[in-house]
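Fair warning: this is a prediction, and the values are worked out from it, not measured in the lab. We name chains A, B, ... by the order of the sequence lines, and we start the count at 1 in each one.
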Amino acid sequence: MKQKLETLLQHAVESLKSEGILDQKSSPQINIERAKDTRHGDFASNLAMMLAKQAKTNPRQLAEKIILLLPKDSSISKVEIAGPGFINFFINADAQFQVIKKIHVAGKKYGLSNVGAGKKVQVEFVSANPTGPLHVGHGRGAAYGSAVADLLQAVGFDVSKEYYVNDAGRQMDILATSVWLRYLEECGEVVAFPSNGYRGEYIRDIAFNIHKNTENEYRRPAELVLEDIPADEPQGGDKEVHIDALIDRTKTLLGESLYRDLFQAGLTVILDDIKDDLEAFGVTFQEWFSERVLMEDGSVKEAMERLDKAGYIYQKEGATWFASSRLGDEKDRVVVRENGQTTYFASDIAYHMNKLDRGFDQVINIWGADHHGYIPRVRAAMQALGADDSKLTVLLVQFAILYRGKEKVPMSTRSGEFVTLRQLRSEVGTDAARFFYVMRKSEQHMDFDLKLATSKTNENPVFYVQYAHARVCSVLRQLDEKGWERDLNLGMENLDRLTEDHELALITDLSKYPEILEKAALKYEPHQLIHYLRDLATSFHTYYNAHQFLVEDEALRNARLNLICAAKQVLANGLSILNINTPESM
RNA sequence: GCGCUUGUAGCUCAGCUGGAUAGAGCAUCGGCCUUCUAAGCCGAGGGUCACAGGUUCGACUCCUGUCAAGCGCGCCA
């Protein structure tokens with residue numbers, strides 16, 4: 001409909017040109033929008049106001065002219081000038097009713113489109129370090145990322161979802177060391193646990209299980225472990241130095257092979273847990289991409305060589321630097337440390353190179369907002385490698401600040417003090433959690449009050465939308481109990497019986513769905529879909545309260561049934577993109 | 001200090017590429033169940049859109065500045 005109006009206005013503009021009112025060269029942007037107020041018709045355009053200056057006339061006069069030049073179209077019942085010069089279009093009811101048939105025919109596919117034209121898009125999200133269970137902060141990224149990916153898929157992009165697994169580096173060494181120290185405790189060795197180690201209960205569980213399966217294979221005497229280790233922070237030392245020494249000691253005492261087994265065992269348990277958790281949350285990935293593989297297959301080295309060839313690498317103070325400041329970053333960055341180890345950033349350069357080499361037209365990274373300072377250096381690296389960095393889009397998700405009532409909840413993976421995504425799911429339910437996370441714009445700081453979210457589950461808006469769906473199902477059950485059959489064709493033939501304001505409003509809402517979906521996808525704003533679904537549910541609930549559907553009049557009854565079934569279909573389509581259940585009864 | 005993000009009703013948030021009288025949920029108050037699920041509906045109150053300028057037919061929206069909040073500015077990941 002919108003497109004049709006655009007074409008009509010385009011014709012009018014051409015006529016204006018040939019009449020010499022407008023310059024031949026001008027090609028105005030034609031804006032059509034939904035009228036907010038029904039008194040303003042269904043669609044409105046501000047074209048006359050935009051062109052008034054060019055045409056050297058006032059907007060209302062120009063609007064009159066435009067309307068005269070507008071080709072006739074049977075689906076438009078009235079065109080009006082209003083306010084400062086808006087052109088308001090009134091769509092006739094028959095044209096509006098078509099959407100009900102359209103929804104019936106398209107079913108699950110109603111609303112899908114092909115604006116993405118099959119372009120290959122990769123969405124990388126969550127990518128939490130596999131050093132512990134996901135917490136509620138990761139939940140927001142997971143819900144947002146999968147919603148964005150699924151929206152893009154719905155409008156015709158070829159989407160691949162990916163999780164980047166940081167299974168290399170110091171954090172993982174700290175994890176392996178933490179597990180080993182707990183393991184030693186299982187064996188009965190007395191070793192003070194480092195303040196910088198991972199203290200979560202899950203570390204003990206992992207250690208317990210490994211111990212059970214290995215007898216005392218990994219056991220080493222405590223004296224050997226602690227010999228000449230610099231003091232930890234509580235004892236007046238440096239916690240970083242302390243933990244690094246412990247890592248080295250772990251590697252030495254266990255030897256490479258055992259250390260690697262231990263490391264791998266810890267990693268596997270945690271990663272499997274994360275996979276389970278996400279799957280239960282309705283989030284799946286096509287690819288789990290390993291950082292370690294990138295390091296071991298030479299990709300990181302190759303990336304560094306390419307940067308070097310491009311002339312962006314230099315040595316300083318024993319380290320290797322990437323001259324990112326020449327490409328917009330605020331300073332240069334180390335890629336190989338003095339001790340010979342590559343940095344996380346070096347892996348990331350290789351990773352982004354790899355992404356583009358895989359042939360994606362667009363690469364979307366969903367990061368926590370605390371990583372925003374990281375964006376310029378990644379872009380710099382892509383440019384230095386001769387890649388087109390406009391293919392990279394970074395979407396930032398603000399961290400959710402947790403409250404319990406009025407008190408802030410401390411969040412730290414290291415201390416083990418955090419609310420896990422799993423806890424949240426079991427407390428508020430997966431549907432509510434997803435809905436809640438995506439309800440807000442991603443850049444918006446989010447106050448997540450656990451007390452509120454957990455104690456008032458009935459007030460959660462997700463139920464409101466689901467309830468609308470369940471109500472339609474209930475009506476259909478009632479129909480059955482009354483011994484009536486639904487007559488689809490009779491209903492379609494009598495759509496003109498739908499004359500109530502509530503019915504027309506609901507129909508208008510239904511016809512908006514494809515536009516909303518497209519906009520939400522292209523702007524990466526799933527919250528727009530949520531808001532739409534709430535509005536649609538409101539239209540339905542209002543209608544439900546105002547009118548009876550199961551009336552004696554067969555023609556009217558079936559027309560109404562067709563309408564509410566269309567509503568049910570759209571609710572289901574929208575919720576399924578967000579991976580939220582559509583219950584038949586509540 | 002520099003950079004990114006944010007500032008809209010008592011609270012939590014929407015507000016589409018600038019458009020008509022700034023919206024919703026929660027909370028408060030008042031109504032609606034002998035008819036399809038009251039997890040619902042109807043109504044009321046509640047606003048200097050942080051502040052000050054600017055751009056124009058028109059600004060919550062764009063620009064500049066100020067104030068406030070969160071985050072970032074490692075040879076950590």
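Among the atoms of the strands shown, none is found under 4.0 Å from any heavy atom of A:A468. Within the nucleic acid shown, A:E330 comes within 4.0 Å of sugar-phosphate atoms alone, with no base atom in reach, counting heavy atoms only. Using a 4.0 Å heavy-atom criterion, one finds that A:A44 contacts the bases of the nucleic acid, with or without backbone contacts as well. Looking at heavy-atom distances under 4.0 Å, A:N88 makes contact with a base. The residue A:H40 sits close to a base: some heavy atom pair falls under 4.0 Å. At the heavy-atom level, A:F549 lies under 4.0 Å from base atoms of the strands shown. Among the atoms of the strands shown, none is found under 4.0 Å from any heavy atom of A:A546. Base contact: A:H547 has a heavy atom under 4.0 Å from a base atom. Residue A:T542 is classed as a sugar-phosphate contact, given heavy-atom separations below 4.0 Å to backbone atoms only. Residue A:Q341 is classed as having no contact, given no heavy-atom separation below 4.0 Å to the nucleic acid. Using a 4.0 Å heavy-atom cutoff across all strands shown, A:F345 reaches no nucleic acid atom at all. Contact annotation for A:T320: no contact, since no heavy-atom pair falls under 4.0 Å across all strands.
When atom types are taken as modelled, the side chain of A:S45 and the backbone of A:I32 share no donor-acceptor pair closer than 3.5 angstrom. Between the A:H469 side chain and the A:Q466 main chain, no donor and acceptor come within less than 3.5 Å of each other. Between the A:R560 side chain and the A:Q548 main chain, a donor and an acceptor come within less than 3.5 Å of each other.
Two rings, from A:Y163 and A:F289, have their centers 6.0 Å or more apart. Aromatic ring centres of A:F322 and A:Y314: separated by at least 6.0 Å. Taking the six-membered ring wherever Trp is involved, the centroid distance between the rings of A:Y513 and A:Y532 falls below 6.0 Å.
Pair check for B:A14 finds none; no Watson-Crick or G-U wobble contact set falls under 3.5 Å. Across all strands shown, the partner of B:G30 is B:C42, judged by Watson-Crick or G-U wobble contacts whose two distances both fall under 3.5 Å. Checking B:G58 for Watson-Crick or G-U wobble geometry (two distances, each under 3.5 Å) identifies no partner in any strand. With both pairing distances under 3.5 Å, B:C2 is matched to B:G72 as a Watson-Crick or G-U wobble pair. The nucleotide B:G65 finds its pairing partner in B:C51, both defining distances of the Watson-Crick or G-U wobble pair being shorter than 3.5 Å. Across all strands shown, B:U35 forms no Watson-Crick or G-U wobble pair with both distances under 3.5 Å. Using N1 to N3 plus N6-O4 or O6-N4 for Watson-Crick, or N1-O2 and O6-N3 for G-U wobble, each under 3.5 Å, B:A22 pairs with nothing.
The listed nucleotides are B:A24, B:A14, B:A77; the one nearest the side chain of A:H527 is B:A14. Residue A:Q171 has its side chain nearest to B:C76 when only B:C71, B:A14, B:C76 are considered. Comparing B:C75, B:U5, B:A24 against the side chain of A:R534 picks out B:A24 as the nearest. Closest contact between the side chain of A:N129 and the listed nucleotides B:C75, B:G19, B:A77 involves B:A77. Among B:A77, B:C41, B:C75, the nucleotide with an atom closest to any side-chain atom of A:E291 is B:A77. Nearest to the side chain of A:F463, among B:C16, B:A39, B:U5, sits B:A39. Taking only side-chain atoms of A:M50, from C-beta outward, the nucleotide of B:G19, B:A39, B:G15 with the closest atom is B:G19. For A:Q548, the listed nucleotide lying nearest its side chain is B:C36; candidates were B:C36, B:C4, B:C41. For A:Q398, the side-chain atoms get nearest to B:U5 when compared with the rest of B:U5, B:C75, B:G15.
Going from atom CG of A:L47 over to atom P of B:U17 covers 19 Å, rounded to whole Å. Counting to the nearest Å, the P atom of B:G74 and the OH atom of A:Y374 are 13 Å from each other. Here B:G23 presents its P atom at 18 Å from CD of A:Q528, a figure rounded to the nearest Å. When the C1' atom of B:G19 is taken as reference, atom CD1 of A:I87 falls 14 Å away, rounded to whole Å. B:C42 atom P lies 13 Å from atom CZ of A:F540, rounded to whole Å.
Remark: A:K441 is not in phosphate contact with B:U5, judged by side-chain N or O atoms under 4.0 Å from OP1 or OP2. Between A:K331 and B:G74, a side-chain N or O to OP1/OP2 separation shorter than 4.0 Å is present. Between A:Y437 and the phosphate of B:C13, there is no side-chain N or O to OP1/OP2 separation shorter than 4.0 Å. Close to B:C75, at under 4.0 Å from its OP1 or OP2, lies no side-chain N or O of A:R170. Considering only side-chain N and O atoms, A:T343 lies nowhere under 4.0 angstrom from the phosphate OP1 or OP2 of B:A77. An OP1 or OP2 oxygen of B:A77 is reached within less than 4.0 angstrom by a side-chain nitrogen or oxygen of A:R337.
The heavy-atom pair separating A:T343 from A:V334 by the smallest distance is OG1-O, 3.2 Å.
Taking 3.5 Å as the limit, the base of B:C71 and the side chain of A:H372 contain a donor-acceptor pair of atoms between them. One donor-acceptor pair, N or O on each side, does fall under 3.5 Å between the base of B:G19 and the side chain of A:N46.
Taking CE of A:M172 as the reference point, atom CZ of A:F263 lies at 4.0 Å (rounded to 0.5 Å).
Taking atom C1' on both nucleotides, B:A22 is separated from B:C60 by 7 Å, rounded to a whole Å. Taking atom P in both B:A38 and B:U48, one finds a spacing of 39 Å when rounded to whole Å. B:A24 and B:C71 have their P atoms separated by 33 Å, given to the nearest Å.
Using a 3.5 Å distance cut-off with no hydrogens or angles, the side chains of A:Q171 and A:Y344 do not pair a donor with an acceptor. Side chains of A:Y464 and A:T538: a donor on one and an acceptor on the other come within 3.5 Å.
Each of A:H502 and A:R333 has a nearest nucleotide on RNA chain B; the 5'-most of these lies closest to A:H502.
B:C33: glycosidic angle within 90° of 0, hence syn.
With centroids closer than 5.5 Å and planes inclined by less than 30 degrees as the test, A:F86 and the base of B:A20 pass as a stacked pair.
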